[in-house]
Peer 1: 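One structure is given below, represented as structure tokens, and several questions about it will come after.
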Amino acid sequence: MAAVLWQATEAGAPIRSSGQMAVVNAQAQSVDIILSSSMRKDNFSGLCQSPQNPFSSIFLSPSSIRFSRSITLLVRVPFISPSAYPLSISLPPSPPLYQPQLSPSSSFAWQWSGSTLADSARAICRSGRQKDAPAPWRHSTGLLEVRCDEMDFLSAWIVSPSALPFLCLIWGTQAQQAFRSEPRNLTVRMGATAVLRCEVLRASGTVQWVKDGLLLGPQRSLPGFPRYSMIGNPKRGQHHLQIENAQLEDDTFYECQVGRSESSRAIISSPAWVNVQIPPSKPYFEVDMAVPWVAGKKYTVTCIAPDAKTEAEVTLYKDGVELTGSESFTMSGSKDKLLNTHAEVTVTALNSDNGKQLTCHAKNPALFRPVESTMTMSVYYPPQPPVIVGLEREEVKAERMLTLECVSYGGNPLATLHWTKNGDVLSTTWEEDIVVQKSSSILNLKITPADNQAVLCCESVNLVSLLPLSVTRKITVLFEPAEVILSGSTEVIEGQELSLSCYATSSNPPVQIRWWLGYKELNTTDVIVEEGDNGGMTTMSNMTHQVSREEDGLKLTCEAFNQGTHFSKTQITKLSVYHPPQKVWLKAPPQDVPLRSGTKVRLICFSTGGNPTATVTWFKNGKKVASALKQTSFDMGVARELVLVLIPSDNMATYRCDATNEAMKTISAHTKLMVQFTAVSMKITADQEVLRQGQTLTLECVSGSSNPKADISWSLGPLRFQGVESQPKKTQFGGVSVSSSLSLNLSSQHHNQRAICQAYSHVLAEGANTFFKLNVLFPPEFSPDQPTQVQVVEDDMATIPLLFSANPEEVSCVWLHRREKLVIERDLHYDSSDAFSLEIKNVTRRDAGVYTVKCTNDEGVNQISIMLDVQYAPGVKAEKDPVFVNLGETADLICVADANPIIPDMFSWKWLGEEEVEMGEETQEEESGLMTIHNVTRADAGLYQCIVNNGIAPPASADVQLVVQFKPELQKGPQWRKVASRGDGTATAEVVCQAEGIPRVDFTWEKKGVLMDFANPRYEQRTVREGSFHTSKVQVVNVSSVLDYAVFSCTARNSLGEDRLDIQLVSTSHPDPPTLFRQVSFSHDSVTLEWIPGFNGGLRQRFRIRYLWERSASFLYVDVFPPSATVFTVTDLQPLTTYNFSVNALNAMGESGYADNNAVLTITTKDMNELEGVPTDDDSVGGAGLPAYLTVVFTMVFGVLLVLNSLGCFFGLRWKKRQGQTGGRQGSGLDKKKNGEEGSSQSTVSNSNKYESREKINKAAQSTLLIDSESETDSNVYESYAAESSHYYPTGDYMPPLSPLPEEKYVTPLPHNHLYDDVRDEGLYQDVLPSFRPSHLTMFDHRLPHQRNDWRSPSYPQGPERVREFMDVRQPQRDSDLPFELQGELV
């Protein structure tokens, strides 16, 4: 037995590898065909036929198939003689549980054909669902091998061979079947409907169509081929194949097959070919038109008609005219059987082809009319030669604006134009007119003489021009001379000959020159014509003429006329004829009147006549005077003034005035002046050149010329001398000279002084003077202003000035300090800014002392000593630190300063603690500062600072610790006297004793008066010390009510004394009532209350506030939150309403009585509109101190209080009963009152006698509040620090006050208050405790400023271990968790 295996990948991926082999041999009786599908197919149809096969068909039932992830079918076919053995398998729809997701319209068919086993066989697997399924794989050998590729949804493999029963239906025997009409070859256009006829006579087998060897199936709808169907009447044997919307894939051969039946053999028709005609797609050109064609060149144009069947016929047209000589050929199209037709033709580009169209027509039998494509031709060709428009004549006048147009017609693209002049480009802009097909360029040219004989050229060119085309024109410019120049002098003396020249620059044509004098033409001329610029000619005319006085002022004209431009240019000048002046005279002082030197004198010279006007010049003793004023004119002539400030040289000097002009003739006038003056010069001479201290010097003074004679005198500083005068002598300027001599004994004081000589004229009441500067040589002398002491601040720069004088000034000085020479040049510590003064950088104390300086010059040596005082900032240290002193004694705090200067009151003391203390007596003894504190208290202990300030920054300071030694003082409030614990032997109690004292405090413990033995494992002691605080803790393990409920005595002692405290270990119980219940503040709708907790009974306690007002039916209650808070605000109150408040404590054992022996706190709220009042300090529990108007209110509510009297009696009896039960443990009422006054606050939840202290403590002194403890528990006196400090030191977790003050900055959100009637609940409440970090109290102090000294807040002690430790107490969950007393056992 052989098998055929079909296998595909999972989930519909197409098969990419070959299938399995199926081998059939001659001995086989049957063949197994195994098919597996992964739920992708729900319908397989099949047919099995064979002459020896007893079954004509086989049907498969899904009931015989086991559904799994893959559907597997096994068909066993008897194999006898497979001459024609087609097979198909049909699978009906699967059950709903395995409903496939694919369409049931697809089918698969397998076919084997062959005459014998030895013959070749063919296997075909084809998906009828895929339009483009690949051709089947075929193989012909002696064996049968089957393979199927590209199946997109099959997966096959071998399974059980007995999974399927066969059911065969047998039809009866009929006559031999035959074709009545067979299909014939058919040609059809694409998209049309083709019908292949097949009509069978006596059809008894199954009729199927075969397409290119592929069976299309027996069903007439041909599933899998939507465009295929069998039409006709099957009863009449009509099985025509209809193909709708014929496509290229339908172009193949078809056969009509009738299967074998019992009575007839199978028949197959002759193949019939369906020829589908496909019209060509739109033709397109293959020609490069990105670059336009050039006229005259040949181009090959190809038109392609793509994808046609049959071959398309292509025709090319140019501008509607068919192009001949085209060649056509075909090539394969984009698909099999399609052809592309190529038509090529050669076209010669012409000028006229530009813008015309090439058209390509394509047609074949599939088209009713041809399809076409067009292409517009772009052909480049050169333009026509350009022409110039606007230049009619070649002669053009200069300065004319010439407008020329260059035009070039035709060309593609249109021509580009540019203008040149003599080869230089003038313009490269042009305009194009597409309609007229021309290019034009306008040239606006202003003609200048330089354009004479210029050549203008216009060139045109485009992309295909072989050479530029051009047109040229030469122009002649007519222009006048640029200027006419008249040269030669027009000023001449009468009777002389005038010679002038007139020159005309280059012009075209040359000019003619004429001369005019006034209205008279002058003909005595000589003309010269020469070549000029720009191709023109220059002309020069020379003229001569003899002048007379009458021609003065006439116009002389030179005229140049150009005949070409008809324009003349003239040059006009004025003729001047000169003649001399006629008269000159002076206006001056009389010559015999004396004038004082320095007097201002005016001399005026007048002149008349002459042409031009005369020029007047002043001379002194024959020399020209340059300082004369400017010449002025008047009607008859000119005048010039000379202003003189008389000097000695003017005495008897001759002043002359000359008048002259261009006529070269001078006339003059003159005068003399008499001047009086002082000495014109002074000169002093000495009889020796070198002057030294102690010598005698003789000076001689000679005065210069003076008029009249002068008298000589001497002065030296403030002193005046009379010298020895000689006889006068005559000298210059008509004056006389006098001399005088003076003798001096020289000293250093004369150095640099001036010896002044004065020559004084009594007539003029003034004189002249000169001086002689004395240069006296002497050794160095120090100035009286030389300082002998210099002060400087340490680290500054010290400058020791050196003030001296010496001559010569070349002085060398040497500085000595402590007899050692200072080498300033080598030591960077010293410097000398002015070569003599000494500068000391970064002065230190070692630089202080006497400095000696020796100065020397060529005349001798001198020295002086200077004291340097170095002042520095203070340094200070404590003489003793720390300072120990016993309480009540005198403490001396001493600090010693190192400073310069030491000044009075430079010591000051400062307390470094946070609280203010009274400072001691401060004194100063030179460099020591002393503060004495008499009768030292513990508040004085702490850190003091000694500050020294001598006026030099920075001040210095030193800290001194004052330690006050005192005997131990134990904490003895009620919170320290009790500790509660269960006595069932399972609990642990901690008895705490805390003392403050200096020096070290040691503890001893007694139980019932007997010293405790801590070797007993049930007792353990440990001591914690921090500063002056000492805490001893005794831990009692497995507390027994019989053995441990007793009095424990703690004794604290040091070298100064001892203190004792009895602590009672008791059983857990209900709490004690709070004390000191008082109001803190109130508003219109709230009241803030405060109290001090009592003993908590050994369990965690909470508080409840009870209040009542006149309209309430019963008491209302509010649970305090947080539970351990001791300050609480009751809100939601009514304004102007009187309330009665009480507070009590509760724990797991029960509740206490109300605070202060059931006292009631009566408070009336404020008006709604009234501002927040100042909280009262009245802590009384009655109504005393209330405003008068409240008396009326109380009278009204008095009746209500009587009604409630019976209820009060009930609670009173109940309270007395409870007091009687707990009196033995709590002590007397007096004890409780004193305990309340001590201000202690309970916050503990552990079995310890440590409670939160509300006492104010001096942080720096670390002092306790106990002043006198002795050994009695009820005689303690507490010291109040309310007036000294607002700082607190909590001993437990801090709970911030809840007062709703406006300035409150730290707010703790609170839950809603619970208001309820007078219903007692003995159950436990779960406490929710917020966690706060200890911080400075002022952050949490919510009191008003005046309240902070009247009530107390929780505080923390100063110690390495917190004295107060909170422990959370959870609700008892088991009976063993309850207190011993509540477990039902006797103690």
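Remember, it's a predicted structure, so these values are computed and weren't measured experimentally. Along the sequence shown, residues are numbered consecutively beginning with 1.
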Peer 1: Identify, with sequence neighbours excluded, every residue that meets ring pair (Phe, Tyr, Trp, His ring centres under 6.0 Å) alongside Tyr760.
Peer 2: His762
Peer 1: When you check the gap from the basic side-chain N to the acidic O, do Arg473 and Glu394 get nearer than 4.0 Å?
Peer 2: no
Peer 1: Going by atom types alone, do Thr557 and Trp515 pair a side-chain donor with an acceptor below 3.5 Å?
Peer 2: no
Peer 1: Taking ring pair (Phe, Tyr, Trp, His ring centres under 6.0 Å) as the definition, give me every residue that meets it alongside His670, ordered by chain and number, with sequence neighbours left out.
Peer 2: none
Peer 1: Going by atom types alone, do Ser741 and Glu700 pair a side-chain donor with an acceptor below 3.5 Å?
Peer 2: no
Peer 1: Give a yes or no answer on whether the side chain of Gln546 reaches the backbone of Gly495 with a donor-acceptor pair at less than 3.5 Å.
Peer 2: yes
Peer 1: With no hydrogens and no angle check, just 3.5 Å: does a side-chain donor-acceptor pair link Tyr578 and Glu494?
Peer 2: no
Peer 1: side-chain contact (heavy atoms from CB on, under 4.5 Å) for Leu404 and Leu402? Distances and angles first, verdict last.
Peer 2: CA-CA 6 Å; Leu404 304 179; Leu402 191 61; 3.8 Å; yes
Peer 1: For Asp526 and Asn542, indicate whether the former's side chain and the latter's backbone hold a donor-acceptor pair under 3.5 Å.
Peer 2: no
Peer 1: How about Gln732 and Ser705: does a side-chain donor come under 3.5 Å of a side-chain acceptor?
Peer 2: no
Peer 1: Would Leu426 and Leu443 satisfy side-chain contact (heavy atoms from CB on, under 4.5 Å), going step by step from the backbone distance to the final call?
Peer 2: CA-CA 8 Å; Leu426 295 179; Leu443 176 65; 4.0 Å; yes
Peer 1: Checking side-chain polar atoms at under 3.5 Å, does Gln749 have a donor or acceptor matched by the opposite partner on Ser747?
Peer 2: no
Peer 1: Could you list the residues that satisfy ring pair (Phe, Tyr, Trp, His ring centres under 6.0 Å) with Phe836, not counting sequence neighbours?
Peer 2: Phe804
Peer 1: Taking Trp419 for its side chain and Thr429 for its backbone only, find out whether a donor-acceptor pair lies under 3.5 Å.
Peer 2: no
Peer 1: Side chains of Lys474 and Gln453: donor-acceptor distance under 3.5 Å anywhere?
Peer 2: yes
Peer 1: What pairs of residues pass the salt bridge (charged side-chain N to carboxylate O under 4.0 Å, His left out) test when at least one of them lies in residues 570-583, not counting sequence neighbours?
Peer 2: none
Peer 1: Could you tell me whether the side chain of Asn508 and the main chain of Gly536 form a donor-acceptor pair under 3.5 Å?
Peer 2: no
Peer 1: Under 3.5 Å, side chain of Ser737 to main-chain N/O of Ser703, donor-acceptor pair present?
Peer 2: yes
Peer 1: Backbone N or O of Phe567 within a donor-acceptor pair of the Asn562 side chain at under 3.5 Å?
Peer 2: no
Peer 1: Are Leu486 and Val484 close enough that some pair of their side-chain heavy atoms sits under 4.5 Å apart?
Peer 2: no
Peer 1: Are Phe677 and Ser761 side-chain neighbours, meaning at least one heavy-atom pair lies under 4.5 Å?
Peer 2: no
Peer 1: Which residue pairs pass the salt bridge (charged side-chain N to carboxylate O under 4.0 Å, His left out) test with at least one member in residues 706-733, sequence neighbours excluded?
Peer 2: Lys709-Asp711, Lys709-Glu725
Peer 1: Please answer whether the main-chain N or O of Glu839 pairs with a side-chain N or O of Asp831 as donor and acceptor at a distance below 3.5 Å.
Peer 2: no
Peer 1: Does a donor on one side chain and an acceptor on the other come within less than 3.5 Å for Asp658 and Thr666?
Peer 2: no
Peer 1: Within the 4.5 Å heavy-atom criterion, are Asn775 and His751 side-chain neighbours or not?
Peer 2: yes
Peer 1: Only distances under 3.5 Å count here; give the side-chain donor-acceptor pairs of residues 619-630 to other protein atoms, sequence neighbours excluded, each with its distance to 0.1 Å.
Peer 2:
residue: Lys620; atom: NZ; partner: Ser649; partner atom: OG; Å: 3.0
residue: Lys620; atom: NZ; partner: Asp650; partner atom: OD1; Å: 2.7
residue: Asn621; atom: OD1; partner: Thr654; partner atom: N; Å: 2.8

Peer 1: Is it true that a side-chain atom of Ser633 and a backbone atom of Val638 form a donor plus acceptor pair closer than 3.5 Å?
Peer 2: no
Peer 1: Is it true that Ser740 and Trp714 share a donor-acceptor pair across their side chains at a distance under 3.5 Å?
Peer 2: yes
Peer 1: Is the shortest side-chain heavy-atom distance between Thr615 and Gln631 below 4.5 Å?
Peer 2: yes
Peer 1: Run Glu491 and Ser489 through side-chain hydrogen bond (donor to acceptor under 3.5 Å, both in side chains) and show every step you take.
Peer 2: CA-CA 5 Å; Glu491 297 175 352; Ser489 176; 5.0 Å; no
Peer 1: Hey, are Arg596 and Glu766 close enough for a salt bridge, meaning a charged N less than 4.0 Å from a carboxylate O?
Peer 2: yes
Peer 1: Take Val527 and Met540 through the side-chain contact (heavy atoms from CB on, under 4.5 Å) test and state the conclusion after the steps.
Peer 2: CA-CA 6 Å; Val527 179; Met540 176 176 284; over 6 Å; no
Peer 1: Ion pair present between Glu480 and Lys569, side-chain N to carboxylate O less than 4.0 angstrom?
Peer 2: no
Peer 1: Please test Leu642 against Leu644 for side-chain contact (heavy atoms from CB on, under 4.5 Å), starting from the C-alpha separation and ending with a verdict.
Peer 2: CA-CA 6 Å; Leu642 176 63; Leu644 299 177; 3.8 Å; yes
Peer 1: State, yes or no, whether a side-chain contact exists between Leu575 and Asp552 at a heavy-atom distance under 4.5 Å.
Peer 2: no
Peer 1: Is the closest side-chain donor-acceptor distance between Ser743 and Thr698 under 3.5 Å?
Peer 2: yes
Peer 1: Which value, rounded to the nearest 0.5 Å, describes the distance between His750 atom NE2 and Asn807 atom CG?
Peer 2: 14.0 Å
Peer 1: Are Leu774 and Leu697 close enough that some pair of their side-chain heavy atoms sits under 4.5 Å apart?
Peer 2: yes
Peer 1: Should the pair Lys446-Asp451 be classified as a salt bridge under the 4.0 Å nitrogen-to-oxygen rule?
Peer 2: no
Peer 1: Does the side chain of Cys657 reach to within under 4.5 Å of the side chain of Val584, using non-hydrogen atoms?
Peer 2: yes
Peer 1: Is it the case that the side chain of Gln591 and the backbone of Leu673 share a donor-acceptor pair, with hydrogens and angles ignored and the cut-off at 3.5 Å?
Peer 2: no
Peer 1: Could you go through Ser748 and Glu781, starting from their C-alpha distance and side-chain angles, then the distance that decides it, and tell me whether this counts as side-chain hydrogen bond (donor to acceptor under 3.5 Å, both in side chains)?
Peer 2: CA-CA 9 Å; Ser748 62; Glu781 292 183 1; 3.2 Å; yes
Peer 1: Going by atom types only, do His545 and Glu551 share a side-chain donor-acceptor pair under 3.5 Å?
Peer 2: yes
Peer 1: Taking the six-membered ring for Trp, are Trp585 and Phe606 parallel (under 30°), tilted (30 to 60°) or perpendicular (over 60°)?
Peer 2: parallel
Peer 1: Applying the side chain to side chain contact (heavy atoms under 4.5 Å, CB included) test to Val396, which of Ile447, Leu445, Asn452 qualifies?
Peer 2: Ile447
Peer 1: Does any non-hydrogen side-chain atom of Val776 lie less than 4.5 Å from one of Arg692?
Peer 2: no
